[in-house]
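What follows is a set of notes on a single structure, which appears directly below.
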Amino acid sequence: MRLVIATCSVDYDGRLSAHLPLADRLLLVKADGSVLVHSDGGSYKPLNWMSPPCAMAEVEPDKTEAAEGVRLVWVVQHAKSEDRLRVKIHEVHHDSSHALGVDPGLVKDGVEAHLQKLLAEHITTLGEGWTLTRREHMTAIGPVDILCRDAAGGHVAVEIKRRGEIDGVEQLTRYLELMNRDPALRPVTGIFAAQSIKPQARTLAEDRGIRCVVLDYDALRGIDSSEHRLF
């Protein structure tokens, strides 16, 4: 991630037009290509930004901009539209880059761990006659949340997320590929379970033969008076 603190003005042209007058601001350039413009207020939300896919070029100011005191211009062009962000920099106060690595993601209130424990205790929620083999079944690339058997005795790997997104499907796909190389386990099918599953993640999972299950956390905890159920 690149962090630049600069005196700058910003113009956005595309589906709408917006202008930020000259002021000191924080400019963030992330590894995914996104560019965000922040002020010292307004909480987490940037004043303006360009989401990927986009490309950024640093160019010399034109004569008019140079006469106004502009020393450098960032031109950020979106790859799939005419949207363009133009950052006119008058003075750079700080410029540094930092390799942050892969982020493990946010875990909120241990919900995923709780879901894993509850589902393991009530594995028949997934189907009548199902049995638990073990929690945290270790593979060469990490632990599968739950390994169980269906009513026919087949192995099933269950990956549990609070919010089901494409990354989770990709993670389960890698686990299944490894586990299906083991003659003691194969064939192994997969279940992607979460409190909510994004449409894109569901489409990808189903295309790969992975069953999607939406978990009702409160029902599994027995908060309501109904039978444990899945919606």
Side-chain angles (χ1 to χ4, degrees), residues 30-33 51-53 99-231:
K30 294 188 176 182
D32 63 4
S51 300
L100 302 185
V102 178
D103 192 277
L106 179 65
V107 178
K108 294 186 178 180
D109 301 326
V111 169
E112 287 180 13
H114 294 158
L115 281 171
Q116 182 192 122
K117 180 176 184 294
L118 288 166
L119 188 57
E121 291 172 353
H122 304 283
I123 199 66
T124 53
T125 305
L126 298 176
E128 291 296 327
W130 287 47
T131 56
L132 175 69
T133 301
R134 67 176 59 89
R135 292 171 58 190
E136 300 289 339
H137 174 79
M138 187 56 65
T139 74
I141 57 173
V144 175
D145 290 328
I146 290 177
L147 179 64
C148 58
R149 288 180 181 268
D150 60 22
H155 285 104
V156 183
V158 184
E159 183 64 25
I160 299 171
K161 299 294 183 186
R162 180 175 177 271
R163 181 179 293 106
E165 300 182 352
I166 285 177
D167 286 350
V169 178
E170 295 286 4
Q171 181 181 1
L172 178 54
T173 300
R174 292 192 294 271
Y175 289 150
L176 289 171
E177 182 181 351
L178 280 174
M179 296 171 75
N180 274 299
R181 296 178 189 173
D182 186 344
L185 292 176
R186 66 177 181 234
V188 186
T189 57
I191 289 180
F192 187 52
Q195 287 181 283
S196 64
I197 299 176
K198 290 192 172 182
Q200 300 93 330
R202 181 181 292 276
T203 298
L204 180 61
E206 292 176 349
D207 182 68
R208 294 179 176 179
I210 295 170
R211 176 184 164 196
C212 291
V213 173
V214 177
L215 299 173
D216 185 326
Y217 183 48
D218 288 344
L220 283 172
R221 291 177 63 194
I223 288 178
D224 61 19
S225 59
S226 63
E227 292 293 323
H228 292 115
R229 64 185 185 278
L230 296 176
F231 292 91

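These numbers were taken from a predicted model, which means no experiment stands behind them.
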Go through L115 and D145 one step at a time and tell me if the side chain to side chain contact (heavy atoms under 4.5 Å, CB included) criterion holds.
-> CA-CA 10 Å; L115 281 171; D145 290 328; over 6 Å; no

Audit row: L147, L185, side chain to side chain contact (heavy atoms under 4.5 Å, CB included) steps and yes/no | CA-CA 10 Å; L147 179 64; L185 292 176; 4.2 Å; yes

Begin with the C-alpha distance, continue with both residues' side-chain angles, and end with the deciding distance and a verdict on side chain to side chain contact (heavy atoms under 4.5 Å, CB included) for V214 and R202.
-> CA-CA 10 Å; V214 177; R202 181 181 292 276; 3.6 Å; yes

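T139 is not listed as a side-chain neighbour of R174, based on a closest heavy-atom distance of 4.5 Å or more. You'll find the side chain of L215 stays beyond 4.5 Å of the side chain of L118, heavy atoms only. Taking the side chain as every heavy atom from C-beta outward, T203 and D207 never approach each other to under 4.5 Å. At a threshold of 4.5 Å between non-hydrogen side-chain atoms, the residues L204 and T173 do not count as touching. Side-chain contact between F192 and K161 is present, with heavy atoms from C-beta onward closer than 4.5 Å. Taking 4.5 Å as the limit, every side-chain heavy atom of I146 sits out of range of all side-chain heavy atoms of H137. Residues E159 and L176 fail the side-chain proximity criterion, which asks for heavy atoms closer than 4.5 Å. R149 has its side chain within reach of H155: a pair of non-hydrogen atoms, C-beta onward, lies under 4.5 Å apart.
Of all non-hydrogen atoms in R211 and V213, the two that sit nearest each other are NE-CG2, 3.6 Å. Closest approach of A201 and G164 over heavy atoms only: CB-O, 3.8 Å. The shortest heavy-atom contact between A193 and V158 is CB-CG1, 4.3 Å.
The main-chain N or O of R181 is found under 3.5 Å from a side-chain atom of R186 such that the two form a donor-acceptor pair.
Here the CD1 atom belonging to I160 is positioned 5.5 Å from the CD atom belonging to Q116, to the nearest 0.5 angstrom.
Under the 4.0 Å criterion applied to side-chain N and carboxylate O atoms, E170 and R208 are assigned as salt-bridge partners.
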